[in-house]
Amino acid sequence: MIMNDFCDADKIWLDLDLVTMSNSAASSNLAASSDGCSQGYGCSQGYGVQKSMALAVKNGRISAIAPMIDMDKALFLKANIAGRGGWMTPGLIDCHSHLVFAGSRAQEFEQRLQGVPYEQIAREGGGILSTVRATRGASEQQLFDLAVPRLQALMSEGVATLEIKSGYGLTLKDELKMLRVARQLGEAFPVQVRTTLLGAHALPPEFVANSDAYIDLVCEQMIPAAAEQKLADAVDVFCEGIGFSPVQCERVFKAAKNYGLAIKGHTEQLSDLKGSQLAANYGALSVDHLEYLDAAALQPLVENGTVAVLLPGAFYFLRETKLPPIQALRNAGIPMAIATDFNPGTSPLASLRLMMNMACTLFRLTPEEALAGVTCHAAKALGLSDDSGRLVVGAPADMLLWDIKHPSELAYQIGVPALKQRIYQGETSYV
Ligand code: NIG
Ligand code: FE
């Protein structure tokens with residue numbers, strides 16, 4: 001039966017060590033006996049390692065997985081063998097980015113290095129608002145062109161799915177412009193793009209001293225238009241002293257729900273306003289940043305299956321010292337995802353592999369947790385199907401073939417290319 005699936009396949013890969021990220025009983029059993037522990041690497045069952053395997057793809061999905069030992073050698077003569085040997089992981093998923101913007105914040109970086117706080121720069125009209133000015137002044141084509149090298153950097157190290165937020169337009173026209181560019185990037189390149197409307201990112205100057213009226217605009221115009229034009233998959237907020245209050249964020253969540261859009265939140269990045277719990281109680285897919293999240297108040301996240309998205313690049317770049325409550329999140333069984341948060345102000349770092357490394361060094365995640373954070377847990381943070389971010393039969397055929405000795409290397413050595421093949425929807429592309 002399985003052999004038939006291999007005969008019918010569009011392509012097959014042979015002699016693979018699979019990092020399935022599958023927590024099914026079958027893969028766990030295999031992992032226990034063969035995930036490299038004998039080589040002295042720390043191990044547990046989360047990688048779901050299956051050694052010496054063959055994998056078949058049909059119609060852009062994984063159609064069969066079987067041990068090499070069960071393979072009929074006669075098949076190899078007629079099959080379309082697309083690759084042989086190496087470690088294979090799911091394609092990487094960057095579940096939080098602000099990839100589309102114009103302008104640079106290098107001068108703000110210099111100011112911050114001289115001791116001026118991020119919040120002070122924002123309150124004085126710099127920060128996010130300086131990127132808003134540049135983004136409003138840029139055409140759709142200019143924004144697209146500026147985003148391309150950033151996207152290529154992410155793809156070149158294995159990103160197959162990427163979330164892109166608006167939030168630097170802050171008018172109806174400019175927010176929709178950003179979302180259209182994000183959609184166009186997904187159409188122009190072999191990468192899946194999920195879009196998020198972040199109208200409630202900062203208060204634009206036109207609404208100073210009238211932030212509720214701006215929230216009216218977000219709820220009554222931006223969300224309906226983005227939903228009707230199918231430009232947004234989700235809605236996000238910046239729940240913070242320099243962003244919007246919990247009461248205002250709740251209005252945005254209600255409007256998003258009314259229009260059938262998923263909910264996400266920038267919460268507890270700089271202070272504890274209980275935005276994470278609020279978002280979770282509205283069924284948020286994820287709450288993101290979380291440095292100031294109260295370790296004793298995680299129940300709403302548990303009850304609603306909300307993913308904790310950790311953004312070590314922003315933690316590092318802002319020289320933050322308060323750590324997210326990692327051990328409490330772990331104890332509560334809350335899935336932790338990791339993302340670049342690529343943006344010009346707090347994380348101008350277009351490397352998801354670097355984020356994996358930082359998640360380990362700065363946040364003390366294990367390399368295995370880091371890989372789950374950019375595969376299956378990131379998929380959950382985007383509301384993708386349960387098999388996304390895993391190598392299992394039926395899953396999207398987004399796979400990476402690596403020249404490494406063990407999957408822990410993915411969080412370990414940064415900057416040296418290790419990707420042999422990037423496979424998106426079954427097609428080898430880009431690298
Ligand atoms: O995720 N915290 C709010 N938004 C972004 C930063 C945006 C900016 O500074 O341009 C973040 O860190
Ligand atoms: Fe962000």
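What you are looking at is a predicted structure, and each value in this text was computed from that prediction instead of being measured. Order of listing sets the numbers, starting from 1, for every ligand and every atom in it.
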Please tabulate protein-ligand N/O pairs under 3.5 Å for ligand 1, atom names and distances to 0.1 Å.
unit_1, atom_1, unit_2, atom_2, d
ligand 1, 1 (O), His98, NE2, 3.4
ligand 1, 1 (O), His266, NE2, 3.1
ligand 1, 1 (O), His289, NE2, 2.9
ligand 1, 1 (O), Asp341, OD1, 2.9
ligand 1, 1 (O), Asp341, OD2, 2.8
ligand 1, 2 (N), Gln269, OE1, 2.6
ligand 1, 4 (N), His201, NE2, 2.8
ligand 1, 9 (O), Arg105, NH2, 2.8
ligand 1, 9 (O), Tyr118, OH, 2.5
ligand 1, 10 (O), Arg105, NH1, 2.9
ligand 1, 10 (O), Arg105, NH2, 3.3
ligand 1, 10 (O), Tyr168, OH, 2.6
ligand 1, 12 (O), Gln269, NE2, 3.4
ligand 1, 12 (O), His289, NE2, 3.4
ligand 1, 12 (O), Asp341, OD2, 3.1
ligand 1, 12 (O), Thr346, OG1, 2.7

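Taking a cutoff of 4.0 Å between a charged side-chain nitrogen and a carboxylate oxygen, Glu175 and Lys177 do not qualify as a salt bridge.
Its N, O or S atom nearest to the Fe ion (ligand 2) is what matters here, and for His96 that atom is NE2. Of all the N, O or S atoms in Asp341, the one closest to the Fe ion (ligand 2) is OD1. His98 has its closest N, O or S atom to the Fe ion (ligand 2) at the position named NE2.
Under the ring pair (Phe, Tyr, Trp, His ring centres under 6.0 Å) criterion, Phe109 pairs with Phe317, sequence neighbours left out. Every residue meeting the ring pair (Phe, Tyr, Trp, His ring centres under 6.0 Å) condition with Phe315, not counting sequence neighbours, appears here in chain and number order: Phe363.
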Taking only distance into account, with no hydrogens and no angle test, what donor-acceptor pairs under 3.5 Å do side-chain atoms of residues 273-289 form with protein atoms, sequence neighbours excluded?
unit_1, atom_1, unit_2, atom_2, d
Lys274, NZ, Asp272, OD1, 3.4
Lys274, NZ, Asp272, OD2, 2.5
Ser276, OG, Thr267, OG1, 2.8
Ser276, OG, Glu268, OE1, 2.5
Gln277, NE2, Ala297, O, 3.0
Asn281, ND2, Gln277, O, 3.3
Tyr282, OH, Glu250, OE2, 2.6
Ser286, OG, Lys264, NZ, 2.9
Ser286, OG, Asp288, OD1, 2.7
Asp288, OD2, His96, ND1, 2.7

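With hydrogens and angles disregarded, a donor-acceptor distance shorter than 3.5 Å links the side chain of Arg353 to the backbone of Gln413. Checked by atom type and distance alone, the side chain of Tyr424 pairs as donor or acceptor with a backbone atom of Gln192 at under 3.5 Å.
With a 6.0 Å radius and a threshold of 12 heavy atoms from other residues, nucleotides or ligands, Lys380 has its NZ atom at or below the threshold.
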